[in-house]
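Here the structure is laid out as structure tokens; the discussion comes afterwards.
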Amino acid sequence: MGWVYIEDLKNHIGKEVEIRGWIFNKRSSGKIHFLQIRDGTGFVQGIVEFSKVEPEIFERAKRLRLETSVKIFGRVREDERAPTGVEIDVENLEIVQIPIEDYPIGKKEHGVDFLLDHRHLWLRSRRQFHILRVRHEIIKATRDFYDRRNFVLIDTPIFTGSIGESAGNLFEVNYFDYGKAYLAQTGQLYLEAACMAFGKVYNFGPTFRAEKSKTRRHLTEFWMNEAEVAYYDHEDNMKLQEELISHIVRWVLEKASDHLVALGRDLKKLEGIEPPFPRMSYDEAIDHLRKKGFDVKWGDDIGGDEETALSNIFDKPVFICNYPREIKAFYMLPDPERPEVVLCDDLLAPEGYGEIIGASQRIHDYDLLVERIKEKDLPLEAYDWYLDLRKYGSVPHSGFGMGLERVVAWICGLKHIREAIPFPRTIYRLNP
RNA sequence: UCCGGCGUAGCUCAACCGGUAGAGCAUCCGGCUGUUAACCGGAGGGUUGGGGGUUCGAGUCCCUCCGCCGGAGCCA
């Protein structure tokens, strides 16, 4: 009789086992207790029958309250009435700790603010269990994708000097005698350096944006995967993106579909996510939006509502390509045939989820890059090492950044991105 | 920062035109041998976010501050 995790119970039918976990609910009919037990790997019901256990054990079961930590000893039994197919006939139980106070998270619904204040406990809830397990698989799928293609993982720094896209949305920290340092809002510039050394590179880590955004798509700290490949053009880049996203979806469907079903996700919406993804130029997107009655003109950025409208056209993610250079970052390569637009794409997830990837071919010509930095009124001296990359064997290269939490939200079908990360950081929330 | 909304029991919410605070869950007590947010009976639980004002009377109307939510801008 040994310690077994709930996820392995189906391999121990008829055996005596020990479960170490917590009581997340209890129902009783007087002479029979139904203990709802979780252990971090799954959920199972324990049956305590008055006629089958010592009176002392039955009384002990009666005293259990929400989130009491317990060791359960009993025999595993297949039962069609159980949602997971197995139950445990409890023979003995050992209380590790009875909660000192009533557990704050009840069985009925709670408001978002209350739940976020109790995020450290909310993580124990079923829904969060399933979401964060899917997140875990998405991360594994992402790493696996790059491993299979022989990309090299390059961890980019979190402390950076004043470099990036713009200075308005960086978090400042004091950095010894150097004065101000900034938390990274992207590792892209470093990956561009690394791809000239390793060819195919990626990173995966936290990113920080000091934007005062209050929407269901924004966090101040979020995880981003970026990839950068030397000699890749815009077309190669888009292919890589649609293969990455398809790989992730396929992986999650294979390894975590139970979790998606438990979250109420319609798997059919994910099963068709395979290359190629539809493409739409920025010009076509604007035309489409105008026909739908949106008040947009060529040169405007595409906002949240517009993104939702575009992502609802298709049942796969859609690439929106070649935006006006005016509204995009300085490092994006202008289209040689049409210099007013840049060779970039935003990948919008379907069902209204919107942008999950931002991508572009980068400028590899030294003079053009200097020109664009000046055009955007950025300080040339801050980009000295970045410009260096264009002096020594510069080659065309491309890359992208994928917002992990947005992908998690889309795949899980979440209404808000804050459930897609264990401890969300938003403009007004730093605790827990 | 701007626009809109909300703040009532531990939690989720209700309370009509301004008339004196109510339900479910949770907790405690009792009942029930197949419950699935179990159910049934009973009990305790409130400075209606803070401050000020109007009124015979304010949860309700006005001012102000605080907190939160949603959206915009910006972005993944």
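Quick caveat: nothing in here was measured; it's all calculated off a predicted structure. Worth knowing before you read on, the calculation uses all heavy atoms, side chains too, and leaves out hydrogens, waters and symmetry mates. In the text below, chain A, chain B and the rest are named by the order of the sequence lines, each starting its count at 1.
- A:Glu80 comes within 4.0 angstrom of nothing in the nucleic acid, heavy atoms only.
- At the heavy-atom level, A:Ser51 lies under 4.0 Å from base atoms of the strands shown.
- Sparse packing is recorded around NZ of A:Lys269, with 12 or fewer heavy atoms of other residues, nucleotides or ligands lying under 6.0 Å away.
- With sequence neighbours left out, the side chain to side chain donor-acceptor pair (under 3.5 Å) criterion links A:Glu351 to A:Arg265.
- For the pair A:Arg60 and A:Glu54, the salt-bridge criterion is not met [side-chain N within less than 4.0 Å of a carboxylate O].
- Set against B:rU35, B:rC11, B:rA76, the side chain of A:Glu87 has B:rU35 as its closest nucleotide.
- Note on A:Arg418: a side-chain N or O is less than 4.0 Å away from OP1 or OP2 of B:rG70.
- Backbone-only engagement by A:Asp301 is indicated by non-hydrogen atom pairs under 4.0 Å involving sugar-phosphate atoms exclusively.
- For the C1' atoms, the distance linking B:rG70 with B:rG30 amounts to 46 Å, nearest Å.
- Contact between the side-chain N/O atoms of A:Arg216 and the OP1/OP2 oxygens of B:rG71 is found at a separation under 4.0 Å.
- You cannot call A:Phe34 stacked on the base of B:rG34; the centres under 5.5 Å and planes under 30° rule is not satisfied.
- In this structure, A:His33 does not reach the B:rG34 phosphate: none of its side-chain N or O atoms is under 4.0 Å from OP1 or OP2.
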